[in-house]
Amino acid sequence: MRSLFAFALAVMATPALAQEAAPPVFTPSELPYPFSSAVQVGDVLYLSGDIGADETGRAVVPGGIEAETRAMFARIGKTLEAHGLGYADLFKCTVMLADMGEWPAFNAIYATYFEKGRYPTRSAMGVNGLALGARVEMECWAWNPQGTAKE
């Protein structure tokens, strides 16, 4: 273990092998709130939590968990597309539900956005209140290699 640690230190100290870290790149939100819709850090695109908001961002779409989940995924898809990505590039999602009893309905819709067997890792929790009274919110991380061809 000691030799592996020494090797890692040597690699990090070698200018020819170390990459200069690029500063984070912030994508402003189109909504009237103080946050970025996404931030690129290295090869990871961090997406802000999204809810099933309408086009104004001032209310959730009507129709309950199913309608909100579809609208939420549409908003996430729009953010991914703006960065040349799609749902297949997501590798981590955090789901917040106002009512864990709606978990099965959420899961039924969630599963349709990903190839079976290639689901992002996920955490989920019941929460006591989401923005605008939403039923669901999800934040995600996407693989977005910088400076290399995406495979």
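We number each residue from 1, following the sequence as shown.
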Checklist entry - How are the rings of Tyr113 and Phe73 set to each other: parallel, tilted or perpendicular (split at 30° and 60°)? => result parallel
Next on the checklist: Could you tell me if the side chain of Val136 sits less than 4.5 Å from the side chain of Ile65, heavy atoms only?
Outcome noted: yes
Next on the checklist: Suppose we screen for salt bridge (charged side-chain N to carboxylate O under 4.0 Å, His left out). Which residues come up paired with Lys78, at least two apart in sequence or across chains?
Outcome noted: Glu30
Checklist entry - Taking all atoms of both residues into account, what is the closest heavy-atom pair of Pro120 and Leu90, and its distance? => result CG-O, 3.8 Å
Item to check | Rounded distance (nearest 0.5 Å) linking atom CD1 of Ile51 with atom OG1 of Thr69 | outcome: 11.5 Å
Checklist entry - Can you find a heavy atom in the side chain of Leu31 that is under 4.5 Å from one in the side chain of Glu55? => result no
Next on the checklist: I need the minimum non-hydrogen distance between Met138 and Cys93, along with the two atoms involved.
Outcome noted: SD-CB, 3.9 Å
Checklist entry - Taking only residues two or more places apart in sequence or in another chain, which ones pass side chain to side chain contact (heavy atoms under 4.5 Å, CB included) with Ala71? => result Val61
Checklist entry - Phe106 vs Tyr110 aromatic rings, parallel, tilted or perpendicular, using cut-offs 30° and 60°? => result tilted
Checklist entry - Would Leu80 end up clustered with Val25 when hydrophobic side chains under 4.5 Å apart are linked, directly or stepwise? => result no
Next on the checklist: Is it the case that the side chain of Gln40 and the backbone of Asn144 share a donor-acceptor pair, with hydrogens and angles ignored and the cut-off at 3.5 Å?
Outcome noted: yes
Checklist entry - Counting N and O atoms only, with roles assigned by atom type, does the side chain of Glu102 sit under 3.5 Å from a partner on the main chain of Pro104, one being a donor and the other an acceptor? => result no
Next on the checklist: Suppose we screen for side chain to side chain contact (heavy atoms under 4.5 Å, CB included). Which residues come up paired with Phe26, at least two apart in sequence or across chains?
Outcome noted: Pro24, Ser36, Val39
Checklist entry - Are Arg135 and Asp99 side-chain neighbours, meaning at least one heavy-atom pair lies under 4.5 Å? => result yes
Next on the checklist: Measuring from atom CE of Met96 to atom CD of Glu137, what distance do you get when rounded to the nearest 0.5 angstrom?
Outcome noted: 4.0 Å
Checklist entry - Phe35 and Ser48: which non-hydrogen atoms are nearest, and at how many Å? => result CD1-OG, 3.6 Å
Checklist outcome for this item: Closest non-hydrogen atoms of Val44 and Trp141, given as atom of the first, atom of the second and distance, are CG1-CB, 4.2 Å
Checklist entry - About how many Å separate CG of Leu45 and OG1 of Thr79, when rounded to the nearest 0.5 Å? => result 8.5 Å
Checklist entry - Should Val95 and Val127 be counted in the same cluster of Ile, Leu, Val, Met, Phe, Trp and Tyr side chains packed under 4.5 Å apart? => result no
Checklist entry - So, for Gly57 and Leu132, which heavy atoms are closest and what is the spacing to 0.1 Å? => result O-CD1, 3.4 Å
Next on the checklist: Checking side-chain contact (heavy atoms from CB on, under 4.5 Å) between Ser37 and each of Ile76, Thr27, Asp50, which is the one that passes?
Outcome noted: Thr27
Checklist entry - What about Val60 and Tyr33, same hydrophobic cluster or not, with Ile/Leu/Val/Met/Phe/Trp/Tyr joined at side-chain heavy-atom distances under 4.5 Å? => result yes
Checklist entry - Distance-only, no hydrogens or angles: does the Thr121 side chain make a donor-acceptor pair with backbone N or O of Phe91 under 3.5 Å? => result yes
Checklist entry - Is Trp103 linked to Phe114 within one hydrophobic cluster, defined over Ile, Leu, Val, Met, Phe, Trp and Tyr using a side-chain heavy-atom separation of less than 4.5 Å? => result yes
Next on the checklist: Restricting to non-hydrogen atoms, name the atom on Ile109 and the atom on Thr112 that form the minimum distance, rounded to 0.1 Å.
Outcome noted: O-OG1, 2.6 Å
Checklist entry - Do Asp43 side-chain atoms and Gln146 backbone N/O form a donor-acceptor pair below 3.5 Å? => result yes
Checklist entry - Checking side-chain contact (heavy atoms from CB on, under 4.5 Å) for the pair Glu68/Leu130: CA distance, chi angles, key distance, verdict? => result CA-CA 12 Å; Glu68 286 185 41; Leu130 292 168; over 6 Å; no
